[in-house]
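Have a look at the structure below, then the notes.
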Amino acid sequence: MTEKIEGDMKTNFIYTMIKDDLKNGLLGNKPVHTRFPPEPNGYLHIGHAKAILLNYNIARDFKGFFNLRFDDTNPIKEEQEFVDSIIEDIRWLGADWGDRQFFTSDYFETKYEFATRLIKAGKAYVCDLSPEEIREYRGTLTEPGQESPYRDRSSEENLDLFERMRRGEFPNGSRVLRAKIDMFSGNLNMRDPVIYRILHADHHRTGDKWCIYPMYDFDHPFSDALEGITHSLCSIEYSDHRPLYDWIVESALELMPEEVKFRSRQTEFARLNMTYTVMSKRKLRRLVEENHVSGWDDPRMPTIAGLRRRGVTPEAIADFQDRVGVSRADSTVDLALFEHCIRQDLETKAPRLMVVLDPLKVVITNWPEGKTEMVEMENMPGDVSAGTRKVPFTGEIFIERDDFMEEAPKKFFRLAPGKEVRLKGAYIICCEKVIKDENGKITELHCNYDPRTKSNQDTSGKKVKGVIHWVAEKHAAFIDVNLYDTLFTVENPEEDNEKDFTGQINPQSLIVCKNVPAEPAVKEALPGNRFQFLRKGYFYYDSVASREGSPVFNRVVALRDSWAKVNN
RNA sequence: UGCGGGAUGGUGUAGCGGUAGCACGGAUGACUCUGGAUCAUCAAGCCUAGGUUCGAUCCCUAGUCCCGCAGCCA
């Protein structure tokens, strides 16, 4: 039985490691404890969702805990606005941190104390080198650094200087506190890294209480140790920081054992990349600031806020993350996988509705003048419990313009002159006349219907290959619809470093369809509802863009379209 | 002659000494009142070269290619 449970567990290198840790008793009687440590300086995106769900799922699967900790060590970049959006996004994703919401700034005092102990232990010193000098002394990738002339100050002097740094006696950039490690290390991070800098700036939480702030490399491992994080997961670019992480944790254990809850360890995994999108905060910010999109929550953005407004469900995102897995290898996931997860989730959740996005009028010449017939349609094919609805059918309807072809190829199963097609839920019609304007544009079709072919009561014996959707003109409700395509025209917008990625933006990424006819049932839709517009895709009632009485629907994702493939 | 990572079908990911599996994507067919969904079938892979072994994707050696690192950012 245990084997069965083990078998159900995900098989990735992190789960394997944790199982081993548990088996080897590395955690003692401590439960597995993870965390997600966002810096509140921007919006979360789908790549963050990978990290959030990975950490959260581990805590869930191993019956442990998951913390949310804001990494707010840099007052210049961080804002409350982002704290709020991050909380909203993580909640929406379904990751639950219970009451364990922390700010790294909560521990500034403890961290200061730790720093002073480091100084007393001769493991840190105040350095007066300028930023430029520090860079020069650091050496290069291939050459070792050289030691700072301030490296061997007495701990009394260091302590005094550090206290005065805190008191605000020195200007920004004049001095820093550095860990005394090894200027000759092959790992740049170990060359006496800066651990505190002077920043006379207001912090979004601590206000003007501090004018010195810890650096990530000092702060992060220590916060993990304080919170008892057992497995500190981060992305690959932090691999080089791991020795420093361990140095800090070991030092904390040695100098501050009373505060340290666990000897945390860092494990790195590859971040998520997706085709047809960019993921870096900097690039996403440019898209917003240069108005290539309408904002952080533009439905074309890979941000959580954007995906939510697009209409993607948190379940689809979770499923996607499960399928993507986690490894240490660089990878770019095919957007098609994400779209598949979305479709699969919505397939059984989204009731069907008929909407014509590009209307072409059809007059049914033999339909009794003025007659409206209510036809019954399933809300969810294959799911009787979802019930049916009545849809009005009349002699003047709209069909999709591309469901008609004047000169149709053999494989075209829809309407063409002299050819028959079924109107979904209603009758089979045959096209008898094409009406055009002076420019040759088709403005209207005249068709006749076969009264024997009513859906579910068909006595004609006719078999037609094509079934199309329609909306009765007289009863139509009108809605606005946004059709989205990928924001970029190329799979990897960042591939060519010479070209700016904004040059690859897809001019067709948003197509707005105004006042498009929909069956009257759409009037009962509520903001936040999702539907499948028959044959057109899944759509989301966008509460942000909609106004009273004029709903806006965003296409979450189109349906798979095998005709489009045949077609080209 | 810096340090640290990584290479399994088109894409993502399992397998860690015993016939290379899953998913997406692709192809073909069936079914269908959504060219949707569903079902069936097929194509497609271990970076290279040596070595160890009865047997290597896995272990060893030597390469190749790719990624990250020189903020008082995180």
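Every chain is numbered from 1 and lettered A, B, ... according to where its sequence line falls, protein lines coming before strand lines. Only this structure's heavy atoms are used, side chains among them; waters, hydrogens and symmetry mates stay out.
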Query raised in the report: Does any non-hydrogen side-chain atom of A:V362 lie less than 4.5 Å from one of A:L423?
Result: no

Query raised in the report: From B:rU34, B:rC24, B:rG12, pick the nucleotide closest to the side chain of A:A336?
Result: B:rC24

Report task. State the syn/anti category of B:rG71 according to its glycosidic angle, syn meaning within 90° of 0. Result -> syn

Query raised in the report: Do A:R151 and A:K180 have side-chain heavy atoms sitting under 4.5 Å apart?
Result: yes

Requested in this report: Considering just the side-chain nitrogens and oxygens of A:S562, establish if one lies under 4.0 Å of OP1 or OP2 belonging to B:rG36.
Outcome: yes

Query raised in the report: Do the side-chain N or O atoms of A:K10 get closer than 4.0 angstrom to the phosphate oxygens (OP1, OP2) of B:rA14?
Result: no

**Report entry** Cation-pi geometry met for A:R178 and A:Y125 (6.0 Å, 45°)
**Finding:** no

Query raised in the report: What heavy-atom pair brings A:P409 and A:W563 nearest, and what distance separates the two atoms?
Result: CG-CH2, 4.3 Å

Nucleotide N/O to protein N/O under 3.5 Å, stretch nucleotides 38-48 of chain B:
none

Query raised in the report: Which whole number of Å gives the distance between the C1' atom of B:rA20 and that of B:rG9?
Result: 11 Å

Requested in this report: Test the A:K123-A:W247 pair against the cation-pi criterion, namely NZ or CZ under 6.0 angstrom from the six-membered ring centroid and within 45° of the ring axis.
Outcome: yes

Report task. Kindly give the heavy-atom pair with the smallest separation between A:I181 and A:M190, and that separation in Å. Result -> CB-O, 3.3 Å

Please report, to 0.1 Å, the donor-acceptor pairs under 3.5 Å made by any side chain of residues 374-384 of chain A, with sequence neighbours excluded.
unit_1 : atom_1 : unit_2 : atom_2 : d
A:E376 : OE2    : A:T388 : OG1    : 2.8
A:D383 : OD1    : A:S385 : N      : 3.2
A:D383 : OD1    : A:S385 : OG     : 2.6

Requested in this report: For A:R328, answer base if it contacts any base atom (sugar-phosphate contacts may also be present), sugar-phosphate if it contacts only those atoms, and nothing otherwise; contact means non-hydrogen atoms under 4.0 Å.
Outcome: sugar-phosphate

Report summary line: Quick tally for nucleotides 64-74 of chain B: nucleotides whose base has a protein heavy atom under 4.0 Å get B, sugar-phosphate-only ones S, the rest -, giving ---SBBBSBBB

Requested in this report: Please list, chain by chain and in numerical order, all residues satisfying salt bridge (charged side-chain N to carboxylate O under 4.0 Å, His left out) with A:K283, sequence neighbours excluded.
Outcome: A:E494

Query raised in the report: Name the stems that RNA chain B belongs to, where each is three or more consecutive Watson-Crick or G-U pairs with both distances under 3.5 Å?
Result: B:2-7 with B:64-69, B:10-13 with B:21-24, B:26-30 with B:38-42, B:47-51 with B:59-63

Query raised in the report: Can A:T453 and A:R422 be counted as having a side-chain donor-acceptor contact under 3.5 angstrom?
Result: no

Distances under 3.5 Å only, N/O to N/O: pair up the protein atoms with those of nucleotides 19-21 of chain B.
none

**Report entry** Sugar-phosphate, base or nothing in reach of A:S185, heavy atoms under 4.0 Å
**Finding:** nothing

